[in-house]
Amino acid sequence: MSFRSAPNRPQAGPSSGENLGSTSGSGERVGRTDYVTRRQPERPRKDGSAQARDSNSGIAAGQSRQADNFKKISSWAAILFAPTLVGTIYGMNFDSMPELHWGFGYPFAIVLMAVVCTSLYVIFKRKDWL
């Protein structure tokens with residue numbers, strides 16, 4: 001693979017006799033790339049373990065937030081599942097369920113759903129999931 005130079009410019013290099021660099025105060029030759037790298041500001045470099053530790057701490061913080069969100073979503077799903085379960089069972093209108101022929105059957109089902117939801121809410125709140 002060869003690179004072509006611009007048509008009106010002679011090729012620069014050791015064989016063309018052109019001086020690509022200048023001399024520094026101590027007499028050593030400073031090339032273009034040396035000049036460019038010297039002009040860039042120095043940035044503190046981290047060793048590999050420090051970079052890995054920094055990136056892992058960022059990942060761990062993200063995973064912690066994700067785990068907290070997962071706990072909250074799971075808690076609310078469990079709280080909402082309880083009245084759904086009770087409501088669907090009572091909604092099937094089986095004739096053999098004594099609560100359906102009882103005068104307080106409907107209020108009993110509503111109170112049961114409220115007690116279960118409230119107890120789940122208190123449990124999850126104490127565990128700091130909500």
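V115 and I110 are assigned to two separate hydrophobic clusters, defined by single-linkage of ILVMFWY side chains at heavy-atom distances under 4.5 Å. In terms of hydrophobic clustering, with Ile, Leu, Val, Met, Phe, Trp and Tyr side chains grouped at heavy-atom distances under 4.5 Å, W129 and F81 are assigned to a common cluster. M113 and V122 are not part of a single hydrophobic cluster, where members link through side-chain heavy atoms under 4.5 Å apart.
Listed by first and then second residue, the side chain to side chain donor-acceptor pair (under 3.5 Å) pairs involving residues 74-83 amount to none (not counting sequence neighbours). Applying the side chain to side chain donor-acceptor pair (under 3.5 Å) rule to pairs touching residues 116-126 yields nothing, sequence neighbours excluded.
Contacts of I89 classified as side chain to side chain contact (heavy atoms under 4.5 Å, CB included), with partners at least two apart in sequence or in another chain: L85, M97.
The structure places CG of D68 at 12.0 Å from CD of Q63, a figure rounded to the nearest 0.5 Å. For the atom pair D128 CG and K71 NZ, the distance stands at 8.0 Å (nearest 0.5 Å).
Residues A109 and V86 approach most closely at O-CG1, 4.2 Å, considering heavy atoms. For L80 against T84, the heavy-atom pair with the smallest separation is O-OG1, 2.8 Å. Between L120 and A78, the closest heavy-atom pair is CD1-O, 3.6 Å.
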